[in-house]
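Below is one structure; the comments refer to it alone.
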Amino acid sequence: MNFLANENFPFPSISFIRNEGHFIFSISELSNGISDEQVIQKAIKENLIILTFDKDYGELIFKFGITNPPAVVFFRYKGNNPLFAGKILCDLTVKAGLKLEKNFTVIEENDIRQRQY
């Protein structure tokens with residue numbers, strides 16, 4: 001899977017995901033400061049799954065009807081170290097029955113919810 005880490009996504013998690021063999025483009029490395037709408041357009045153009053701690057993506061997609069990106073993984077729970085998000089994501093990519101594409105996935109402390117679009 002190919003990912004697009006929003007600028008609020010921790011760099012240790014980005015490195016962890018890369019070391020696990022996934023492609024991950026980091027907004028903070030190459031396009032710092034672009035708008036959420038521009039992030040979504042980049043995800044659509046390059047078929048990337050957005051990784052974020054920003055709840056605004058749910059509002060943009062479901063409330064304002066912006067064009068849907070391939071998928072969004074919203075980390076509501078930040079964990080207790082900067083590797084948390086990367087480890088959780090890599091575990092999810094191998095978890096049977098969990099499809100990220102065309103879903104808004106919410107990671108909470110003790111739950112994972114998905115809403116298809």
Side-chain angles (χ1 to χ4, degrees):
M1 290 184 201
N2 297 325
F3 300 102
L4 176 60
N6 198 18
E7 61 189 343
N8 61 9
F9 204 77
F11 192 76
S13 282
I14 292 169
S15 295
F16 183 86
I17 293 165
R18 285 180 179 148
N19 289 336
E20 291 295 305
H22 298 284
F23 172 81
I24 182 166
F25 179 88
S26 170
I27 293 296
S28 63
E29 290 176 320
L30 299 173
S31 300
N32 198 22
I34 66 173
S35 69
D36 292 341
E37 291 86 355
Q38 290 171 305
V39 172
I40 289 173
Q41 290 307 311
K42 182 166 188 59
I44 292 168
K45 181 180 177 185
E46 298 184 27
N47 196 33
L48 302 169
I49 297 170
I50 297 171
L51 307 176
T52 189
F53 286 91
D54 185 350
K55 65 182 176 183
D56 292 342
Y57 285 91
E59 190 171 82
L60 287 169
I61 293 167
F62 297 113
K63 185 175 180 182
F64 296 113
I66 196 163
T67 305
N68 296 334
V72 175
V73 179
F74 165 52
F75 292 83
R76 179 172 279 180
Y77 178 64
K78 295 183 176 26
N80 55 8
N81 70 62
L83 289 175
F84 169 80
K87 288 180 180 180
I88 286 290
L89 181 72
C90 289
D91 287 346
L92 289 179
T93 62
V94 296
K95 186 174 184 178
L98 188 66
K99 179 183 170 206
L100 295 179
E101 294 84 358
K102 305 229 183 272
N103 279 292
F104 190 92
T105 303
V106 179
I107 309 296
E108 296 181 319
E109 184 173 5
N110 296 310
D111 194 25
I112 297 172
R113 296 181 291 120
Q114 290 189 297
R115 181 171 174 188
Q116 190 173 21
Y117 53 76

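Keep in mind that what you see is a predicted model, and the values were worked out from it rather than measured.
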What distance separates [X] [atom1] from [Y] [atom2], expressed to the nearest 0.5 Å?
X: Gln41; Y: Asp36; atom1: CD; atom2: CG; result: 12.0 Å
X: Leu30; Y: Lys42; atom1: CG; atom2: NZ; result: 7.5 Å
X: Gln38; Y: Ile27; atom1: CD; atom2: CD1; result: 9.0 Å
X: Lys99; Y: Leu92; atom1: NZ; atom2: CG; result: 15.0 Å
X: Glu101; Y: Ile49; atom1: CD; atom2: CD1; result: 4.5 Å
X: Thr67; Y: Leu60; atom1: OG1; atom2: CG; result: 11.0 Å

| Non-hydrogen atoms of Asn103 and Tyr117 that approach each other most closely |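 Residues Asn103 and Tyr117, closest heavy atoms: C-CE2, 3.6 Å.
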| query | Minimum heavy-atom separation for Ala43 to Pro69, with atom names? | reply |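 In terms of heavy atoms, the two residues are closest at CB-CB, 4.2 Å.
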Should [X] and [Y] be regarded as members of a common hydrophobic cluster, given that ILVMFWY residues are connected when their side-chain heavy atoms come within less than 4.5 Å of each other, either directly or indirectly?
X: Val73; Y: Phe53; answer: yes
X: Leu83; Y: Ile24; answer: no
X: Val39; Y: Ile66; answer: yes
X: Ile112; Y: Ile88; answer: yes
X: Val72; Y: Ile40; answer: yes

| Under 3.5 Å donor-acceptor, Ser28 side chain and Glu7 backbone |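 Looks like no, no N/O pair under 3.5 Å.
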| request: Keeping the roles fixed (side chain from Asn81, backbone from Phe84), state whether a donor-acceptor pair exists under 3.5 Å. | output: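 Here the side-chain-to-backbone pair exists.
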| said: Once side-chain hydrogen bond (donor to acceptor under 3.5 Å, both in side chains) is applied, do any residues pair with Asn2, and if so which ones, sequence neighbours excluded? | reply: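 Testing Asn2 for side-chain hydrogen bond (donor to acceptor under 3.5 Å, both in side chains), a comparison that skips the adjacent residues, returns none.
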| Would you call the rings of His22 and Phe3 parallel, tilted or perpendicular if under 30° counts as parallel and over 60° as perpendicular? |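 Perpendicular, since the angle between the ring planes exceeds 60°.
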| Any Phe16 side-chain heavy atom under 4.5 Å of Pro82 side chain |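 Result no, sub-4.5 Å side-chain heavy-atom pair not found.
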| task | Under the side-chain contact (heavy atoms from CB on, under 4.5 Å) rule, what do Phe75 and Asn8 come out as? Steps first, then yes or no, please. | result | CA-CA 11 Å; Phe75 292 83; Asn8 61 9; over 6 Å; no
| said: Ile17 vs Leu51, test: side-chain contact (heavy atoms from CB on, under 4.5 Å). Steps then yes/no. | reply: CA-CA 11 Å; Ile17 293 165; Leu51 307 176; 4.0 Å; yes
| field | Pair Phe74 and Tyr57, ring centroids less than 6.0 Å apart | value |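 Between Phe74 and Tyr57, the centre distance exceeds or equals 6.0 Å.
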| task | Would you please test Gln114 and Leu98 for side-chain contact (heavy atoms from CB on, under 4.5 Å) and show each step? | result | CA-CA 9 Å; Gln114 290 189 297; Leu98 188 66; 3.0 Å; yes
| field | Listed partners of Glu108 passing side-chain contact (heavy atoms from CB on, under 4.5 Å), at least two apart | value |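 Scan of Glu108 (side-chain contact (heavy atoms from CB on, under 4.5 Å), adjacent residues dropped) gives Arg76, Val106, Asp111, Arg113.
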| message | Salt bridge or not between Glu59 and Lys55? Use side-chain N to carboxylate O under 4.0 Å. | response |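 No, Glu59 and Lys55 are not salt-bridged.
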| request: Go through Leu100 and Met1 one step at a time and tell me if the side-chain contact (heavy atoms from CB on, under 4.5 Å) criterion holds. | output: CA-CA 9 Å; Leu100 295 179; Met1 290 184 201; 3.8 Å; yes
